[in-house]
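If you're wondering where the values come from, they're calculated on a predicted model, not measured in any experiment.
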Amino acid sequence: KVPVAVASVSMDPVRSTGDLTGQQVSKGGMKSASLKDLCPEDKRRIANLIKELARVSEEKEVTEERLKAEQESFEKKIRQLEEQNELIIKEREDILLKSDLFSIK
């Protein structure tokens, strides 16, 4: 597990000052750890988490692109079906009109 001191690492360079040992002292006077202070196992865990984050981010991007493409495809299909429906309605009206004309004669 990550030591408590690591959780308090300040990422704001304005709020902390570094010394030559890699320790950082925040304005509150507490020492906090840097990545250099972590054991190799914790460094590997962080590296793996960063890799996983990159993989998930890329997967999310691919999924969003696929979703957008599918949405555009569905919207196009809906427009085609609406146009087809309008043609069917017009043909039906024409047929009814013609059948009314034939029945009058």
Side-chain angles (χ1 to χ4, degrees):
K1 294 191 176 187
V2 177
V4 176
V6 173
S8 66
V9 171
S10 174
M11 294 300 194
D12 185 357
V14 175
R15 291 185 51 177
S16 17
T17 58
D19 63 14
L20 297 176
T21 64
Q23 293 289 322
Q24 295 180 345
V25 180
S26 64
K27 282 188 176 181
M30 278 184 45
K31 284 192 175 186
S32 56
S34 70
L35 287 176
K36 289 184 236 176
D37 300 320
L38 297 176
C39 67
E41 182 182 340
D42 287 341
K43 288 179 182 178
R44 269 192 306 279
R45 286 180 183 167
I46 290 172
N48 289 338
L49 287 171
I50 291 170
K51 288 177 188 175
E52 180 71 8
L53 178 61
R55 185 191 65 75
V56 169
S57 295
E58 185 177 335
E59 190 176 293
K60 177 186 173 205
E61 194 174 307
V62 168
T63 302
E64 286 175 343
E65 289 173 8
R66 189 179 314 136
L67 176 64
K68 184 178 179 183
E70 286 184 22
Q71 184 177 3
E72 289 171 358
S73 174
F74 284 136
E75 288 173 355
K76 181 179 178 184
K77 186 69 175 173
I78 287 172
R79 283 192 297 275
Q80 290 173 343
L81 289 171
E82 287 173 342
E83 290 171 5
Q84 188 178 10
N85 193 33
E86 289 296 321
L87 287 174
I88 291 171
I89 290 171
K90 178 134 178 53
E91 284 179 17
R92 181 179 178 269
E93 289 173 351
D94 289 346
I95 290 171
L96 288 174
L97 183 61
K98 286 180 185 177
S99 69
D100 285 346
L101 289 177
F102 284 125
S103 64
I104 293 176
K105 290 184 178 180

**Complete:** Residues at least two apart in sequence or cross-chain that pass side-chain contact (heavy atoms from CB on, under 4.5 Å) with Leu81, listed by chain then number, are Lys77, Gln84

**Request:** Under the salt bridge (Lys or Arg N to Asp or Glu O under 4.0 Å) rule, collect the residues that match up with Lys76, sequence neighbours excluded.
**Result:** none

**Request:** Could you grab the distance from atom CG of Asn85 to atom CD1 of Ile78, nearest 0.5 Å is fine?
**Result:** 12.5 Å

**Request:** Scan Ile89, Leu96, Ile95 and name whichever one has a side chain to side chain contact (heavy atoms under 4.5 Å, CB included) with Glu93.
**Result:** Ile89

**side-chain contact (heavy atoms from CB on, under 4.5 Å) partners for Glu83, two or more places apart** = none

**Fill in**
Here the gap from Ile46 atom CD1 to Leu38 atom CG, rounded to the nearest 0.5 Å, amounts to 4.5 Å

**Request:** Measure the spacing between CD of Glu72 and CG of Leu67 and express it to the nearest 0.5 Å.
**Result:** 10.0 Å

**Message:** Ignoring hydrogens, what is the shortest heavy-atom contact between Lys36 and Lys43? Give both atom names and the distance.
**Reply:** O-NZ, 3.9 Å

For residues 49-65, which side-chain donor-acceptor pairs fall under 3.5 Å, sequence neighbours excluded?
from	atom 1	to	atom 2	distance (Å)
Glu52	OE1	Arg55	NE	3.3
Glu52	OE2	Arg55	NH2	2.6
Arg55	NH1	Glu59	OE1	2.9
Ser57	OG	Leu53	O	2.8
Thr63	OG1	Glu59	O	2.8

